[in-house]
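Below is one structure, written out as structure tokens; comments come after it.
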Amino acid sequence: MTLLHSAHGGNTREAAGVLGIAPENLLDFSANINPAGMPATLRHALQNSWQLAERYPDVEYASLYQALAQHHQVPSSWLLAGNGETEAIFALVAALAPRKTLLITPGFAEYRRALALVGSDIVEFRLREEDGWALTDALLDALTADLDCLFLCTPNNPTGLLPDEALLEAISRRCQALGITLVVDEAFMDFITDQAGMIPTLAGNPHLWVLRSLTKFYAIPGLRLGYLLSSDEENVARMRRRQMPWSINAFAALAGEIILQDRDYQQASLHWLAQERPWLLAALQAVPGLTVWEGRANYLFFRCDAPGVELQRALLQQHILIRSCANYPGLDERYYRVAVRNRIENERLIAALGKVLNDISRGR
Ligand SMILES: Cc1ncc(COP(=O)(O)O)c(C=O)c1O
């Protein structure tokens, strides 16, 4: 049985409630947020901008769109910004209303919820443990003319794996040939050094939609900002017309104007991850009973084979919250995901895991 009802990581309120403690007393490895916290440049700007709360944000968000367009070197008519990437997912699905959609499992839950709202039929392409959870060219055969839409998540959540570039290109070509809308969720792409993702291929490929989030890399999940990009300007304009006015608050809009230019923060974050992900990966791999897959993102995915272990519950007793992946279609209670955090916190996780698994093997 799953311990928590929440469909996502990061629900520290619910988890803390299980123990009867304050959420601040939990060390949260279940949400994949940059542990550096928001950029100092943004914190200062927010502290000095309280007066923004007293007037409406620019309903057209001209400065925000300009910043996003400049950052990605695309026309701003290719962009729709939203209250987190989640708003962009729902806006896209509502506007395109695909009749039949292929989803990759395991994958992020919100595509399915948005698709259910427009009554889309959903078919699944199951990633396989035998393939190390990697996307394979078997997906090409699963792309058939009766499909309207395919969602891909690169790097995938929860596995953290990036598909092979040539395969991604082949998938995009096949989608174009068959008239399938290809939606590529790059929510965690900023964490991967030297990966431009699919944005450079948008020109001339109006079947392609890229989703981006700023909440993870820049540690602003409470502020909320994300966007979509496509060269299908007509459909982007239609989505903007249908969008609820002022859905992005003035502070989030300001954040978008500031953080994309903060090169020091970006470099420091990539440097931190280059040190900490390999450290955490090796430390997890050294824990007996765990099988860990080497994802590229700021989180790691693993299976726990110790019989009868409820790892999430056991770690919670030590005030550590990890993501159980039992509610991902295609996975079960043995699978977990942990965010990469700073060294002291990562060490705490490893020590707690060692203790839990040791206690169990000794029958305590
Ligand atoms: C793969 C993926 N896409 C999108 C989102 C939503 O991001 P946002 O916080 O920008 O709405 C998440 C959040 O966990 C995610 O994991």
Side-chain angles (χ1 to χ4, degrees), residues 4 6-12 14 28-35 37-38 42 64 68 79-94 101 103-115 127 133 135 150-163 182-192 195 197-199 209-229 243-244 247-249 251-253 255-256 259-260 295-301 321-325 327-331 335-340:
L4 306 175
S6 171
H8 301 285
N11 194 337
T12 50
E14 190 191 2
D28 185 14
F29 280 88
S30 73
N32 305 316
I33 304 300
N34 188 336
M38 72 170 73
L42 174 59
L64 172 63
L68 293 171
L79 283 153
L80 172 129
N83 186 279
E85 187 200 295
T86 305
E87 186 189 353
I89 294 172
F90 278 74
L92 174 64
V93 170
T101 304
L103 292 184
I104 310 293
T105 61
F108 183 54
E110 292 304 323
Y111 317 138
R112 200 178 288 265
R113 285 212 322 140
L115 289 160
L127 299 173
W133 301 107
L135 204 58
L150 165 68
F151 270 81
L152 285 183
C153 187
T154 64
N156 192 27
N157 177 0
T159 63
L161 298 177
L162 268 185
L182 172 59
V183 183
V184 182
D185 183 346
E186 297 185 347
F188 294 96
M189 195 58 99
D190 285 333
F191 286 100
I192 304 182
Q195 280 286 333
M198 297 289 273
I199 293 172
W209 295 77
V210 176
L211 294 159
R212 286 278 181 127
S213 170
L214 296 176
T215 69
K216 291 116 188 0
F217 188 82
Y218 296 98
I220 51 166
L223 203 50
R224 320 234 8 87
L225 189 61
Y227 48 99
L228 60 72
L229 307 99
Q243 191 175 21
M244 190 176 78
S247 69
I248 303 165
N249 72 73
F251 302 108
I259 55 185
L260 296 169
R296 303 277 313 277
N298 59 324
Y299 48 88
L300 290 166
F301 174 64
L321 178 60
I322 65 170
R323 173 73 156 97
S324 161
C325 294
N327 66 348
Y328 278 89
L331 297 179
Y335 296 90
Y336 298 91
R337 193 193 68 204
V338 289
V340 181

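Note that ligands are numbered from 1 as they come in the structure, with each ligand's atoms numbered from 1 the same way.
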What's the shortest distance from [atom] to any protein heavy atom, and which residue and atom give it?
atom                    : result
atom 7 (O) of ligand 1  : K216 CE, 3.5 Å
atom 16 (O) of ligand 1 : N157 ND2, 2.8 Å
atom 2 (C) of ligand 1  : D185 OD2, 3.4 Å
atom 6 (C) of ligand 1  : T86 OG1, 3.4 Å
atom 5 (C) of ligand 1  : F108 CZ, 3.4 Å
atom 4 (C) of ligand 1  : E85 OE2, 3.2 Å
atom 9 (O) of ligand 1  : T215 OG1, 2.9 Å

Sidechain N-carboxylate O distance under 4.0 Å for D185, R212 = no
Polar side chain donor-acceptor pair, [X] to [Y], under 3.5 angstrom:
X    : Y    : result
E85  : T215 : no
E87  : Q243 : yes
Y328 : N157 : yes
Y335 : R323 : no

State if [X] counts as touching ligand 1 under the rule of any non-hydrogen atom under 4.0 Å.
X    : result
R224 : yes
P221 : no
A187 : yes

Which ligand 1 atoms does [X] reach within 4.0 Å, using its non-hydrogen atoms?
X    : answer
G84  : 10 (O), 11 (O)
F188 : 1 (C), 15 (C), 16 (O)
C153 : 1 (C)

inquiry  = In the structure I gave you, are the side-chain heavy atoms of T101 and L150 within less than 4.5 Å of one another anywhere?
reply    = no
request  = Could you tell me whether the side chain of N11 and the main chain of E14 form a donor-acceptor pair under 3.5 Å?
outcome  =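 Indeed, once roles are kept as given, a pair shorter than 3.5 Å links the two residues.
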task = Mind checking the CG-CG spacing from L127 to L161? Nearest 0.5 Å is all I need.
result = 8.5 Å
task = For this output row, return yes or no: ring centroids of F188 and Y299 closer than 6.0 angstrom.
result =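 Centroid distance F188-Y299: below 6.0 Å, so yes.
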